[in-house]
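Have a look at the structure below, then the notes.
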Amino acid sequence: MLSIYNTLTGKNEPFESLVPKIVRMYACGVTVYDYCHIGHARSALVFDVIRRYLEFTGYQVEFVKNFTDVDDKIIKRANERGVSCDAITAEFIEAYYQDMGRLGIRRATIEPKATEHMAEIIELVQTLIQKGLAYEVAGDVYFQVEKYQPYGSLSKRKLEDLQAGARVEVDERKRHPMDFALWKSSKQGEPSWESPWGPGRPGWHIECSAMSIKHLGETFDIHGGGMDLIFPHHENEIAQSCGATGKEFVRYWIHNGFVQVNQEKMSKSLGNFFAIREIFEKSRWPEAETGEMLRYFLLGTHYRSPLDFSDHSLLEAKNALNGFYDLFTRLKESEDRGTGDKELMPAIERCKVAFREAMDDDFNTSVAIAELQRLKSDVNKLLSQGLSTEARRIAREEFRSLGNCLGLFQLDKWQFSQVPVGQTADLSPASPIIMRQKVMMIDQVEEADTPQPMLSAAKPKSEFSDTQVQLKVDERNEARKQKDFKKADEIRRFLSSHGIVIEDKPDGTSRWKR
RNA sequence: GGCGCCGUACCCAAGUGGUUAAGGGAGCAGUCUGCAAAACUGCGAUGCAGCGGUUCGACCCCGCUCGGCGCCUCCA
């Protein structure tokens with residue numbers, strides 16, 4: 001039985017969907033005005049995994065993830081560049097798909113945009129005004145927090161406490177300092193839509209209420225996002241939605257922890273973030289492998305805990321994955337004793353049960369991965385006893401199937417280097433995966449940071465083609481056959497210096513990897 | 001000022017009021033190997049920031065202290 005930690009109640013609760021066999025979930029997406037960083041990746045990944053696991057356990061999942069495509073930051077960016085807001089949002093939605101695609105994050109069932117839901121938004125605002133929960137001031141509409149009694153229940157805050165800590169100057173036109181905008185009248189040159197209050201655009205929070213209600217209904221199962229959205233975003237969503245419908249809005253609120261750098265939250269304002277694309281571009285490994293390394297790293301920690309991003313953690317993820325893919329490689333090789341066969345299924349069963357138990361416990365991916373490690377170890381032992389072709393196929397399939405919940409183990413071949421065909425090898429120095437401590441987004445001014453190579457321990461990238469390597473390997477095995485071990489070792493050393501590792505098999509042939 | 005989180009071995013990281021405190025990475029030793037690599041085996045916290053308290057018993061509950069962080073403003 002799946003249980004989920006609910007931010008609203010602060011407790012683990014058994015999960016029961018509103019409609020049997022169907023889960024309706026909504027995740028707050030991104031404001032599309034810049035490239036995504038790993039923090040965005042974590043959030044997207046957490047909900048991707050939740051969705052995958054729910055499907056794995058037999059639910060049909062209706063998953064909505066929005067794009068915020070009308071916003072101050074978008075307008076600002078468009079003005080800076082002298083282009084339309086549409087051009088900005090189109091560019092960064094495209095970039096979003098590219099970045100998230102490289103991480104193996106599946107698209108949601110529905111990915112609505114705020115600009116395409118103006119009618120629903122306006123209608124919702126009207127309802128709130130009619131119900132006396134919102135008021136208009138000169139073309140702006142505000143939600144009146146004092147009129148919504150449970151306000152603060154998600155973030156566990158009292159209105160008085162919020163006021164006391166308010167760091168922002170108060171708009172005198174508001175009836176209460178914490179009242180927030182549902183509709184903003186537009187200034188010159190800003191995108192605007194006709195409304196009963198004149199031309200304007202929606203406030204940030206209202207779009208999610210409008211879109212989630214439209215696509216998932218007035219009450220749905222799961223809603224989530226990063227922890228920083230708890231207040232004010234989700235608090236306000238609850239006020240708007242429950243205020244308008246009079247019904248329960250969301251049954252389980254899920255919030256993921258932050259990605260940090262050097263123990264600090266990674267954020268735009270601190271300038272200490274890593275853009276997803278920069279990591280891919282600077283990675284010495286191929287895209288698919290890099291994506292899997294990132295996933296493994298991000299899922300190695302429970303989703304509600306903070307986790308520190310560094311080259312070192314990425315390298316650890318890679319080393320851990322090596323173990324799995326080394327096994328998968330051996331599972332593909334022929335060798336047909338079936339001595340260990342009868343013990344395989346019990347081992348797999350044990351793993352399946354433990355894996356589900358872990359995931360059922362508030363999506364404990366960390367433990368789930370540990371269980372896969374245990375199975376890896378079990379299968380390794382059985383393999384040395386001998387597994388039949390069929391048994392090896394079953395074992396590989398099991399890793400693929402359980403791994404699919406986490407988006408891991410789907411690659412056929414795990415390799416560490418791209419192979420530019422026809423290039424000659426030279427001993428170019430290792431290029432670090434991440435060149436700079438800080439990655440500048442396009443709106444950041446370059447700072448004179450000392451470049452800090454972060455992956456110095458990695459091996460140099462190989463520049464041989466597969467065929468070139470195979471020729472060398474064949475040559476070495478010929479030498480071994482002749483007992484010319486001096487030559488054989490020379491070849492091994494040569495390839496090793498180019499990041500290629502040879503593993504001799506008992507039958508006199510060798511496998512190699514980069 | 002208000003609300004809240006975290007501190008587990010060299011590193012990452014689970015976890016439970018009471019069997020030997022998961023798992024991974026790195027390291028060391030051994031088996032295997034022509035040599036390696038991989039795999040396998042063994043080694044590694046008598047202790048879970050510190051100090052008190054509750055309890056028959058706490059790393060897990062409570063309090064205090066130290067250290068780190070987050071939200072209260074756009075933020076995944």
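Naming convention: chains lettered A, B, ... in sequence-line order (proteins, then strands); numbering from 1 in each chain.
Both distances falling under 3.5 Å, in either a Watson-Crick or a G-U wobble arrangement, place B:rU31 opposite B:rA39. For B:rG1, the paired nucleotide is B:rC72, the pair qualifying as Watson-Crick or G-U wobble because both relevant distances are below 3.5 Å. Pairing partner, B:rG23: B:rC12, with both Watson-Crick or wobble hydrogen-bond distances short of 3.5 Å. For B:rA49, the paired nucleotide is B:rU65, the pair qualifying as Watson-Crick or G-U wobble because both relevant distances are below 3.5 Å. When both distances must be under 3.5 Å, the Watson-Crick or G-U wobble mate of B:rG18 is B:rC56.
The residue among A:S313 and A:K486 whose nearest nucleotide of RNA chain B is located toward the 5' end is A:S313.
Side-chain atoms of A:R304 stay outside donor-acceptor range of the base of B:rG4, with no qualifying N/O pair under 3.5 Å. If you check distances only, the side chain of A:R492 does reach the base of B:rC35 with a donor-acceptor pair under 3.5 Å. Between the side chain of A:Q263 and the base of B:rG68, no donor-acceptor pair under 3.5 Å is found. For B:rC35, its base sits under 3.5 Å from the side chain of A:D504 at one donor and acceptor pair at least. Contact annotation: side chain of A:N364 to base of B:rG15, donor-acceptor pair absent below 3.5 Å.
Between A:K76 and A:D71 there is no salt bridge, since none of the side-chain N atoms of the basic residue sits less than 4.0 Å from a carboxylate O of the acidic one. Ion pairing between a basic and an acidic side chain is recognised when a charged N comes within 4.0 Å of a carboxylate O; A:K472 and A:E475 show such pairing.
Taking atom CG on A:L294 and atom C1' on B:rC12, their separation rounds to 16 Å, with Å as the unit. One interatomic measurement links the two molecules: NE2 of A:H234 to P of B:rC74, which rounds to 14 Å at whole-angstrom precision. The CD atom of A:Q260 sits 12 Å away from the P atom of B:rC12 (whole-angstrom rounding). Atom CE of A:M293 and atom P of B:rG25 are 14 Å apart (whole Å). Distance CE (A:M178) to P (B:rC72): 10 Å, rounded to an integer number of Å. The nearest whole Å value for the distance from the CZ atom in A:F231 to the P atom in B:rC74 is 9 Å. Across the protein-nucleic acid pair, A:I369 atom CD1 and B:rA22 atom P stand 19 Å apart, rounded to whole Å. Distance A:D360 CG to B:rG15 C1': 17 Å, rounded to the nearest Å.
Nucleic acid contact class of A:H255 (heavy atoms, under 4.0 Å, all strands): none. Within 4.0 Å (heavy atoms only), A:K73 reaches sugar-phosphate atoms of the nucleic acid but no base atom. A:G29 comes within 4.0 angstrom of sugar-phosphate atoms only, judged by non-hydrogen atoms across all strands, and of no base. Residue contacts shown for A:R511 are absent, as no nucleic acid heavy atom lies under 4.0 Å away. Nucleic acid contact for A:F297: none, since no nucleic acid atom lies under 4.0 Å from a heavy atom of the residue.
Taking the six-membered ring where the residue is Trp, A:H234 and A:W253 present tilted rings, their angle falling between 30° and 60°. The aromatic rings of A:F363 and A:Y53 sit perpendicular, their planes meeting at an angle over 60°, well past the 30° parallel limit. Using bins of under 30°, 30° to 60° and over 60° for the plane-to-plane angle, the ring pair A:Y26/A:H223 lands in the tilted bin.
Comparing B:rA36 with B:rA49, their P atoms sit 42 Å apart, to the nearest whole Å. One P atom belongs to B:rC43, the other to B:rG50, and the distance between them is 26 Å to the nearest Å. One C1' atom belongs to B:rA14, the other to B:rU41, and the distance between them is 25 Å to the nearest Å. Atom C1' of B:rA37 sits at a distance of 15 Å from the matching atom of B:rU31, rounded to the whole Å. Straight-line distance between the P atoms of B:rU16 and B:rG23: roughly 16 Å, to the nearest whole Å. Annotation: B:rG7 and B:rU65 have their C1' atoms spaced 14 Å apart (nearest Å). Nucleotides B:rC28 and B:rA38, compared at atom P, are 12 Å apart to the nearest Å. The same atom, C1', is picked in B:rG27 and in B:rC74; the two are 46 Å apart, to the nearest Å.
Within residues 373-382 of chain A, the residues that have a heavy atom under 4.0 Å from RNA chain B are, in order of number, A:Q373, A:R374, A:S377, A:N380, A:K381.
Closest to the side chain of A:D228, out of B:rA76, B:rA38, B:rG34, is B:rA76. Side-chain proximity of A:R157 to the nucleotides B:rG2, B:rG25, B:rC11 is greatest for B:rG2. Comparing B:rC35, B:rC74, B:rA76 by their nearest atom to the side chain of A:P232 picks out B:rC74.
OP1 and OP2 of B:rA38 both lie 4.0 Å or more from every side-chain N or O belonging to A:K513. Of the side-chain N and O atoms in A:N319, none sit less than 4.0 angstrom from OP1 or OP2 of B:rG24.
Applying the side-chain contact (heavy atoms from CB on, under 4.5 Å) test between A:D48 and each of A:L103, A:I105, A:L406 identifies A:I105 as the sole match.
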